[in-house]
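Working notes for the structure below.
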Amino acid sequence: MPLLEVTDLRTHYYTEAGPVKAADGVSFTLEKGESIGIAGESGCGKTTVAMSLMRLIKGGAVVGGKIMLGDLSLLDMEMDEFRKVRWERISLISQAAMGALNPVYTIGSQIVEAIRTHQQCSKKEAWDRARGLLSQVKVDPSRVKNFPHELSGGMRQRVMIAMALACDPDIVIADEPTTALDVVTQVQVLRLLIDLQKRLDLALIYISHELSVLGQACDKIIIMYAGKIVEMGPTAKIFSEPKHPYTQKLLGSLMDIHAAGAFPESIPGQPPDLIDPPKGCRFWPRCTTGEAICETEEPALVEIEPGRFVACRQLNKAINE
C-alpha cells in the first residue's frame, strides 16, 4: 500500500463568473521515503494540489476524488479529527516564511506551539525539542528567543522547515520554499532539504516552477498543465526523454550555459481559462504538433512504460499502432 494515494482529485475555486477548475482529475501515489516534484507554469494547479492535501483551500473546495494516507481517508474525516493528522502526519513548508511566521511571537514559541498542540510533553521538553530542531536545520539554537524580523530570509525559511519537522511527520510538502531567496541561499536551503529528506527517510512533495531545482531534489516528477497531469515519471527519464509536447517546451525554456549563443525558447500563447476549459487537450492551442482530433477529444493519462505516464493522443496512438 502506498503511503499516500491521490485519486481523481478535483478542487474548484468559486468566482462570480463560475467555478475555476484548478485541479481537475489529479491522481498519483507517494511511497515512504520517496520525493516527488510537481512542476508547471503559474496557475497550473501545483499549489492547489498541496493545499487540498492539507485541507487548507480558501475560496473554494475539494469537490471530488479521494486522498488516502495509508488507511486514512483524509477527505472523509471531520475537521477536528483531521487537525490531529495535519502537522503530525503531513506538514507544510510555506513559500513565504515572513508571512507564515507570526511577527509578534518568537520563533521558538511558534515551534513549541506546534509541538505541544500535537504531542504530550512538558514546556521544557518542547523548548528542548525546538532548540534541537533549529540545530538540525543549521540555525544557532541560541536564536530560539529571536523574533522573525531578527532573522535573514534564509534563516526564516529554515525555521519553517524546523516547524514542518516538529512532530516527525511522514510527509512534508515544500511549496516553492526557495523562490523568495537569493541564489546562494536557495542552494543552501535546497541542499538542507535533500539532506533531511534522505537522513530522516521523509516522503517529500516539492512544488516548484523551476525544473532545475526538482531535478536535484526529486526521484519522480509530475508535470501539470491547466489543472491536469500531462506527464509523470522518473526524474532522469523526464529530463532525458520528455514525451509530452508541453514537457518538451518547458525543458526547452531552460537556459543551457554550455551552449554558446543559445537562448531559451518561450512557449507562445496563454494557458486556457479554467472556468471554461477546452473540451479536448488543454495544451492543443499552444501545441505545434497537434492534430484536429486533439481539439475535441481529451487525452487519457496512459502508462506508456512502467512508472511512466503521458496524456497525449498522438503519442498514445503511435504506441498502440
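Computed from a predicted model, the values in this text were never measured in an experiment.
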Test log, rule side chain to side chain contact (heavy atoms under 4.5 Å, CB included), inputs Tyr225 and Arg286: CA-CA 12 Å; Tyr225 182 78; Arg286 306 172 73 184; 3.1 Å; yes
Worked check of side chain to side chain contact (heavy atoms under 4.5 Å, CB included) between Tyr13 and Leu274: CA-CA 10 Å; Tyr13 295 104; Leu274 293 184; over 6 Å; no
Checking side chain to side chain contact (heavy atoms under 4.5 Å, CB included) for the pair Gln186/Glu210: CA distance, chi angles, key distance, verdict? CA-CA 12 Å; Gln186 280 186 13; Glu210 299 182 61; 4.1 Å; yes
Between Met232 and Ile36, is the side chain to side chain contact (heavy atoms under 4.5 Å, CB included) condition met? List the steps. CA-CA 10 Å; Met232 176 168 59; Ile36 288 181; over 6 Å; no
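Under a hydrophobic-cluster definition in which Ile, Leu, Val, Met, Phe, Trp and Tyr are linked whenever side-chain heavy atoms come within less than 4.5 Å, directly or via other members, Ile93 and Ile194 are assigned to the same cluster. Under a hydrophobic clustering in which Ile, Leu, Val, Met, Phe, Trp and Tyr are joined whenever their side-chain heavy atoms come within less than 4.5 Å, directly or via other members, Tyr206 and Leu192 fall into the same cluster. By the criterion of side-chain heavy atoms lying less than 4.5 angstrom apart, applied directly or through intervening Ile, Leu, Val, Met, Phe, Trp or Tyr residues, Leu200 is grouped together with Val137 in one hydrophobic cluster. At a threshold of 4.5 Å between side-chain heavy atoms, the hydrophobic network of Ile, Leu, Val, Met, Phe, Trp and Tyr places Leu72 and Ile173 in one connected group. Following chains of ILVMFWY side-chain contacts shorter than 4.5 Å, one cannot reach Val187 starting from Leu204, and the two form parts of different hydrophobic clusters.
Rounding to the nearest 0.5 angstrom, the gap separating the NZ atom in Lys243 from the CD1 atom in Ile223 is 14.5 Å. To the nearest 0.5 Å, the span separating OG1 on Thr7 from CE on Met68 amounts to 9.0 Å. The structure places CZ of Arg313 at 4.0 Å from CD1 of Ile293, a figure rounded to the nearest 0.5 Å. Between the NZ atom in Lys228 and the CD1 atom in Ile222 there is a gap of 14.0 Å [rounded to 0.5 Å]. Taking CD1 from Ile207 and OG1 from Thr47, the interatomic distance works out to 5.0 Å, rounded to the nearest 0.5 Å. The structure places CD1 of Ile238 at 11.5 Å from SG of Cys218, a figure rounded to the nearest 0.5 Å.
Considering Ile205, Val85, Asp170, Ile67 in turn, Val85 is the only one that fulfils the side chain to side chain contact (heavy atoms under 4.5 Å, CB included) rule with Ile90. Remark: of the listed residues Arg308, Gln248, Lys237, Arg308 is the sole one forming a side-chain hydrogen bond (donor to acceptor under 3.5 Å, both in side chains) with Glu231.
Looking at Thr29, its side chain never comes within 3.5 Å of a backbone N or O of Glu5 through a donor-acceptor pair. Between the side chain of Arg131 and the backbone N or O of Val144 there is no donor-acceptor pair closer than 3.5 Å. Panel note: side chain Arg10, backbone Gly25; no donor-acceptor pair is recorded below 3.5 Å. The closest donor-acceptor contact from the side chain of Lys220 to the backbone of Gly37 lies at 3.5 Å or more, if one exists at all. Between the side chain of Arg55 and the backbone N or O of Arg86, no donor-acceptor pair lies under 3.5 Å. No donor-acceptor pair under 3.5 Å is formed between the side chain of Thr117 and the backbone N or O of Ala114.
One finds no salt bridge joining Glu41 and Arg282 here, because no Lys/Arg side-chain nitrogen approaches an Asp/Glu carboxylate oxygen to under 4.0 Å. By the 4.0 Å N-to-carboxylate-O rule, Lys32 lies close enough to Asp201 to be salt-bridged with it. Under the 4.0 Å criterion applied to side-chain N and carboxylate O atoms, Asp195 and Arg191 are not assigned as salt-bridge partners.
The nearest pair of heavy atoms linking Glu150 to Arg143 is O-NH2, 3.0 Å. A pairwise comparison of heavy atoms in Gln110 and Pro148 identifies NE2-CG, 4.0 Å as the closest pair. When all heavy atoms of Ala162 and Leu133 are compared, the closest pair comes out as O-CD1, 3.7 Å. Closest approach of Tyr14 and Ala61 over heavy atoms only: OH-CB, 3.9 Å. The minimum heavy-atom distance between Val26 and Gly227, with the atom names listed, is CG2-O, 3.7 Å. Across all their heavy atoms, Pro169 and Ala164 have their closest contact at CG-O, 3.2 Å.
Under the 4.5 Å side-chain criterion, counting only non-hydrogen atoms from C-beta, Ile171 is in contact with Leu69. Residues Gln157 and Thr178 form no side-chain contact, since every pair of their non-hydrogen atoms from C-beta on lies 4.5 Å or further apart. Using a 4.5 Å cut-off on side-chain heavy atoms (C-beta onward), Leu53 and Leu4 make contact. Two residues are said to be in side-chain contact when any heavy atoms from C-beta on lie closer than 4.5 Å; Lys123 and Arg116 meet this criterion. Residues Pro141 and Ser135 meet the side-chain proximity criterion, which asks for heavy atoms closer than 4.5 Å. Side chains of Leu193 and Pro177 form a contact here, defined as non-hydrogen atoms less than 4.5 Å apart. Two residues are said to be in side-chain contact when any heavy atoms from C-beta on lie closer than 4.5 Å; Phe309 and Ile229 fail this criterion. Two residues are said to be in side-chain contact when any heavy atoms from C-beta on lie closer than 4.5 Å; Trp127 and Ile115 fail this criterion.
Within 6.0 Å of atom OH in Tyr105, 12 or fewer heavy atoms from other residues, nucleotides or ligands are found, so the atom counts as exposed in its surroundings. Counting non-hydrogen atoms of neighbouring residues, nucleotides and ligands closer than 6.0 angstrom, the CE atom of Met79 exceeds 12 such neighbours. Atom CD of Glu113 is surrounded by 12 or fewer heavy atoms from other residues, nucleotides or ligands within 6.0 Å.
Side-chain N/O atoms of Ser35 and Asp219 include a donor and acceptor closer than 3.5 Å. Counted by atom type alone, Ser52 and Thr11 present one or more donor-acceptor pairs between their side chains at under 3.5 Å.
Cation-pi contact between Lys279 and Trp284: absent, since separation from the ring centre below 6.0 Å together with deviation from the ring axis within 45° is not met.
Note: His244 and Tyr246 have perpendicular aromatic rings, judged against thresholds of 30 and 60 degrees for the angle between ring planes.
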